[in-house]
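One structure below.
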Amino acid sequence: MEGDGEELTAQETALYDRQIRVWGADAQRRLSKAHVLVYGMKGTVAEFCKNIVLAGVGSLTLVDDRVATEEAFSSNFLIPPVEDVYGGKTLAELCCNSLKDFNPMVRVSVEKGDLASFDVEFFSKFNVVVVSCCSLSAKKLANDKCRKLSKRVAFYAVDCRDSCGEVFVDLQDYKYSKKRQDETIECDLKYPSFENALSVPWRSLHKRMSKLYFAMRVIEKFEEAEGRSAGGVSIEDLSAVLKLKKDLCTAQSLNETHVPDTLLERLVTNTTEFPPVCAVIGGILGQEVIKAISGKGDPLKNFFFFDVFDGKGIIEDISPN
């Protein structure tokens, strides 16, 4: 990220030798000095955490006060499938213990609290903030607090339901350079906040926009209106969700075919994550965070969608004009 830090130690240079050969010592140094906050320990986020811990991020702070249950380890490989091990412990505590074994050089710790309760100063301790398993309003609030800081904090929101997944990226004003043939090109990308991105009228989006974008927005709005937690829907809610879809499409002047009923049915029928999709989305998220920290590679702007039914990863730039 921004600013210079200490040089890599001999131990770090030896451990990350292969990575240094790929993206250089400076990129590895930046990664080794970066501090990442993660809120919400589900399967996709577990994959992400594993990836950046192995890559050698400086520190990783986990927040998830939910008590671990047998259901949790169905998609989260960091949780031991033994009841006497996870009984009574929080998801963050269990994942922390597992992640420390992946790379002892990375400082992994647990912070307790609710995402909405953390003040702006709390977020100033990090270079990257990744949120999951939280409400629409909580995502907006966390993103807004990151933007109020004097330094740039990269913000990511990730959501995986059934066999679908979404990643949102906000790097604010992001400058980086890349080489093209024999010249170096300076690039400057300006990202909208999560709230500003969602404010773009649906009717102004291109006709081939990912249907998953609209479906996710319908589910988010339903959960918020009903006071549900993220993923707190079931097949019993389908008729109400379809009614909300109709209302939103009418208000946004969007043809209802852009939000297929079958897709919404999948999202409310099975809210648990499909492990192979966790690996895909977690891999993409890890890759993007490493890009943002190291300054190497073109970052995606600003949404990524994946649906196992068509096997496609789609990048959509949804920004106000």
Side-chain angles (χ1 to χ4, degrees), residues 36-49 60-69 71-72 75-76 78-79 90-96 110-120 122-123 125-126 128-149 153-162 164-170 192-199 212-213 215-234 237 241 267-268 271-273 277-278 281-282 284-285 288-289 302-305:
V36 179
L37 171 70
V38 170
Y39 181 91
M41 295 306 302
K42 291 181 69 178
T44 302
V45 173
E47 291 282 355
F48 161 73
C49 290
L60 177 64
T61 301
L62 311 179
V63 185
D64 197 325
D65 296 341
R66 293 175 298 168
V67 176
T69 63
E71 181 183 359
S75 60
N76 188 337
L78 294 176
I79 300 175
T90 67
L91 292 176
E93 289 170 338
L94 287 170
C95 291
C96 178
V110 172
E111 185 81 32
K112 291 186 178 295
D114 181 73
L115 183 63
S117 68
F118 297 130
D119 58 17
V120 174
F122 175 78
F123 291 100
K125 298 183 290 186
F126 306 98
V128 176
V129 172
V130 175
V131 304
S132 182
C133 313
C134 58
S135 68
L136 174 62
S137 59
K139 292 177 187 176
K140 291 179 180 179
L141 184 60
N143 189 196
D144 181 61
K145 289 176 180 177
C146 289
R147 282 181 156 259
K148 287 181 177 178
L149 295 165
V153 174
F155 176 86
Y156 300 81
V158 59
D159 197 355
C160 184
R161 301 171 187 239
D162 187 56
C164 303
E166 169 189 85
V167 176
F168 167 77
V169 182
D170 176 18
S193 67
F194 188 58
E195 184 167 16
N196 286 343
L198 297 191
S199 71
L212 190 53
Y213 172 76
M216 286 293 200
R217 305 291 75 81
V218 172
I219 297 293
E220 275 181 340
K221 286 185 176 293
F222 177 82
E223 289 175 344
E224 186 164 64
E226 294 294 317
R228 308 284 183 85
S229 58
V233 292
S234 65
D237 298 310
V241 169
L267 295 178
V268 301
T271 58
T272 57
E273 300 165 297
V277 176
C278 293
I281 304 297
I284 293 294
L285 180 57
E288 290 304 314
V289 168
N302 54 344
F303 281 89
F304 174 81
F305 301 96

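The structure displayed is predicted, hence computed values, not measured ones.
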Over 12 non-hydrogen atoms of neighbours within 6.0 angstrom of NZ in K140:
yes

I'd like to know if the side chain of D162 reaches the main chain of C164, judged simply by a donor and an acceptor atom lying under 3.5 Å from each other, with no hydrogens or angles considered.
no

List the steps, then state whether side-chain contact (heavy atoms from CB on, under 4.5 Å) holds for D170 with N302.
CA-CA 7 Å; D170 176 18; N302 54 344; over 6 Å; no

Check: A116 main-chain N/O paired with K145 side-chain donor or acceptor under 3.5 Å
yes

R228 side chain reached by D237 side chain, heavy atoms, under 4.5 Å
yes

Please tell me if the side chains of V120 and L149 come closer than 4.5 Å, counting only heavy atoms from C-beta onward.
yes

Minimum side-chain heavy-atom gap V45-V158 below 4.5 Å
yes

Could you pull out the closest heavy-atom pair between L62 and A92, with the gap in Å?
CD1-O, 3.7 Å

To the nearest 0.5 Å, what is the distance between CZ on F305 and CG on L212?
6.0 Å

Any sub-3.5 Å donor-acceptor pair from E47's side-chain atoms to I281's backbone N or O?
no

Could you give the distance from CZ (R217) to CG (L198), rounded to the nearest 0.5 Å?
5.0 Å

Heavy-atom side-chain proximity of M41 to L94 below 4.5 angstrom:
no

Where the side chain of E273 meets the backbone of G43, is there a donor-acceptor pair that is under 3.5 Å apart?
yes

From L60 CG over to C49 SG, what is the distance, rounded to the nearest 0.5 angstrom?
4.5 Å

L136 and F194, any side-chain heavy atoms less than 4.5 Å apart
yes

Hey, are the side chains of F222 and I219 touching, using non-hydrogen atoms and a 4.5 Å cut-off?
no

Can you tell me how far apart NZ (K148) and CG (D144) are? Round to the nearest 0.5 Å.
4.5 Å

Let's go through Y39 and T61 carefully: what are the C-alpha distance in whole Å and the side-chain angles of both, what is the deciding distance for side-chain contact (heavy atoms from CB on, under 4.5 Å) to 0.1 Å, and is it a yes or a no?
CA-CA 8 Å; Y39 181 91; T61 301; over 6 Å; no

Just so I know, are the side chains of V38 and F48 near enough to count as touching, which here means a heavy-atom distance under 4.5 Å?
yes

Smallest separation among heavy atoms of V153 and F123, with atom names
CG2-O, 4.2 Å

Could you check Y213 against M216 for side-chain contact (heavy atoms from CB on, under 4.5 Å), going step by step and ending with a plain yes or no?
CA-CA 5 Å; Y213 172 76; M216 286 293 200; over 6 Å; no

Sidechain N-carboxylate O distance under 4.0 Å for K221, E224
no

Gap between atom CG of D64 and atom SG of C133 - 0.5 Å precision:
6.0 Å

After noting the C-alpha distance and the side-chain angles of L37 and E111, does the key distance pass the side-chain contact (heavy atoms from CB on, under 4.5 Å) rule?
CA-CA 9 Å; L37 171 70; E111 185 81 32; 5.5 Å; no

Distance, nearest 0.5 Å, that separates CD of E220 from CD of E166:
6.5 Å

Within the structure provided, determine whether T44 and S132 are in side-chain contact (heavy-atom separation under 4.5 Å).
no

Please check if the number of heavy atoms outside E93 that lie under 6.0 Å from its CD is greater than 12.
yes

Got a donor-acceptor contact below 3.5 angstrom from the D65 side chain to the G113 backbone?
yes

Can you label the angle between the F303 ring and the F168 ring as parallel, tilted or perpendicular, going by 30° and 60°?
tilted

Short N-O contact, K139 and E223, less than 4.0 angstrom:
no

